[in-house]
Number of protein chains: 2
Amino acid sequence: MTTAEETTGGEASAWGEVTPDAARRLLIAAVEAFAERGYHATTTRDIAGRAGMSPAALYIHYKTKEELLHRISRIGHAKALEILQTAARREGTATERLADQVSSFVRWHAGGRTTARVVQYELDSLGPEARKEILALRRQCDAEVRAVIEDGVAAGEFDVLDVKGTTLAVLSLCIDVARWFNVEGPWTPDEVGALYADLVLRMVGVK
Amino acid sequence: MTTAEETTGGEASAWGEVTPDAARRLLIAAVEAFAERGYHATTTRDIAGRAGMSPAALYIHYKTKEELLHRISRIGHAKALEILQTAARREGTATERLADQVSSFVRWHAGGRTTARVVQYELDSLGPEARKEILALRRQCDAEVRAVIEDGVAAGEFDVLDVKGTTLAVLSLCIDVARWFNVEGPWTPDEVGALYADLVLRMVGVK
DNA sequence: GGACACGCTAAGCGCTTGCTCACTTTCGGC
DNA sequence: GCCGAAAGTGAGCAAGCGCTTAGCGTGTCC
């Protein structure tokens, strides 16, 4: 039998902030199950089983199944935002910063595909208030990318027809990596990150 | 009360091949429900209710709930493939044909977002054999786009580093429109189609 | 060393699910 | 006007769902 930590691999380290240990194991098990089958097709018995616990144990650490998704979604979106902010605020030209944003954002979606899938595709399964909170984080992600593109236009580095639409397309392209990326496929996360950074620089008309 | 046909609008016309009438109404109701809540969160009672029928009526026309998804998925993928083929086989340069593929494919994803969502995002809810059949249609879609990009490279119209990766990115960009497009948002399907055609031509390095 | 809080389990409650079945209604052919 | 097939209904079954509760073992405090 494989434990949750083994199959999730390096992704597990991202959940260090979740304590105690049993709560973290349950959360990692939930990420896996939600990514594989989707939120609604996953049972609380399945989550508890993957974490090596009885079904009732889940409710000691989480009020409901939805709270698990909410926690996963918040931590995941915070990580995504941090990635985009770090790249946006480094030194360098807008071209370099945008390329950095895309390559690191894509690497996260490809390498942590299990987590990214849940974060990006299970938003609609949240209740209205939780969903509103997460949507605010998404708007911040959008703003981080848009700011770099606007910088590039202002500096004369980029040639963009529609900044808002292009920002959306860039984020959309990166996010969809979580849908199609396959660990056993022909590319590593690094390779996809580099390929996508090149494609995005072409989209913004870098000279 | 609004009927299935009213809320789906023009999309309904795409299901003309489904007969008899009651079977078509059920299928359209299922498309709506799956798009709104996802396959697993949709109940057969909900589908039948939207079609104005009793829960048992569904099983006169379909063996299982999964058969509904299978039929929707097959018809939808066939339509997607037809769109890409039509654009690929028209007269014109590779540049014109690729722009046509992207703008019409995006228009379909934006305008028929309800259907496209189900087609593109509920694949994993199918059983193994049905899924295999649908994946074959997806590979054909990929081949149609790749052929046009290869034509453009051979003709010296495009400048592409990685044909396979770029093909995947182009399709990925178009497909993700179904996730974010909002009918009440700032763009019409035509506008997004035009914007995306421009972005894709930049991605392939059109001169 | 007795009391107690804590983490966890076994059992199961109330409800919903996908699906079935006995039965009624509708309707074209003769 | 009768008949059989097709289409649809109301009631309900077995299974599985999210979640609760009563009780057990363990370690910590004084």
Side-chain angles (χ1 to χ4, degrees), chain A residues 1 3-5 15 18-34 36-73 118 122 124-131, chain B residues 1 3-5 15 18-34 36-73 118 122 124-131:
Chain A
M1 180 191 159
T3 67
E5 285 84 349
W15 306 108
V18 182
T19 54
D21 182 67
R24 182 170 52 249
R25 271 161 47 218
L26 283 163
L27 194 119
I28 291 169
V31 169
E32 281 182 33
F34 291 163
E36 268 177 39
R37 315 211 215 292
Y39 175 78
H40 285 293
T42 298
T43 70
T44 54
R45 285 164 176 83
D46 181 25
I47 296 169
R50 285 174 191 247
M53 304 171 85
S54 79
L58 196 152
Y59 294 91
I60 292 161
H61 300 283
Y62 302 95
K63 273 207 295 287
T64 63
K65 177 178 148 185
E66 198 198 310
E67 193 192 321
L68 266 166
L69 178 61
H70 186 189
R71 294 267 273 262
I72 293 166
S73 205
V118 179
E122 298 293 343
D124 291 342
S125 303
L126 286 170
E129 341 76 56
R131 186 191 161 117
Chain B
M1 179 192 159
T3 68
E5 285 85 347
W15 307 107
V18 181
T19 53
D21 182 65
R24 182 171 51 246
R25 272 160 46 217
L26 283 164
L27 193 120
I28 293 169
V31 169
E32 281 181 34
F34 292 163
E36 269 177 38
R37 314 212 217 291
Y39 175 78
H40 285 292
T42 298
T43 69
T44 55
R45 284 164 176 82
D46 182 25
I47 296 168
R50 284 174 191 247
M53 304 172 85
S54 77
L58 196 152
Y59 294 90
I60 293 164
H61 301 284
Y62 302 95
K63 271 207 295 287
T64 62
K65 177 178 148 185
E66 197 198 311
E67 193 193 321
L68 264 166
L69 178 60
H70 186 189
R71 291 269 274 264
I72 292 166
S73 204
V118 179
E122 299 292 343
D124 291 342
S125 303
L126 286 171
E129 341 75 56
R131 186 192 162 116

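- Partners of A:T44 by side chain to side chain donor-acceptor pair (under 3.5 Å), not counting sequence neighbours: none found.
- Side-chain contact between B:M53 and B:L58 is absent, with no heavy atoms from C-beta onward closer than 4.5 Å.
- Take B:H61 and apply the side chain to side chain contact (heavy atoms under 4.5 Å, CB included) test, not counting sequence neighbours, and it matches B:P20, B:A22, B:A23, B:L26.
- A:R37 is linked by a salt bridge (Lys or Arg N to Asp or Glu O under 4.0 Å) to A:D46, counting only residues two or more places apart in sequence or in another chain.
- For A:R45, there are no side chain to side chain donor-acceptor pair (under 3.5 Å) partners, not counting sequence neighbours.
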Give me, pair by pair, the N or O atoms of the protein and of nucleotides 4-7 of chain D that are less than 3.5 Å apart, along with how far apart they are.
none

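- Among the heavy atoms of the strands lying under 4.0 Å from A:T43 are primed sugar atoms or P, OP1, OP2 only; no base atom is included.
- Considering only residues two or more places apart in sequence or on other chains, B:H40 meets the side chain to side chain donor-acceptor pair (under 3.5 Å) condition with none of them.
- Residues satisfying the salt bridge (Lys or Arg N to Asp or Glu O under 4.0 Å) test with B:E66, not counting sequence neighbours, are none.
- Rounded to whole angstrom, the span from the OH atom of B:Y59 across to the P atom of D:dC13 amounts to 17 Å.
- For DNA chain C, the span of nucleotides reached by chain B at under 4.0 Å from its heavy atoms goes, 5' to 3', from C:dT17 to C:dC21.
- Between A:A57 and A:R45, it is A:A57 whose nearest contact on DNA chain C lies nearer the 5' terminus.
- Rounded to an integer number of Å, the gap from NZ of B:K65 to P of D:dA15 is 19 Å.
- For the side chain to side chain contact (heavy atoms under 4.5 Å, CB included) test, residues two or more places apart in sequence or in another chain that qualify with B:E67 are B:Y62, B:K63, B:T64, B:R71.
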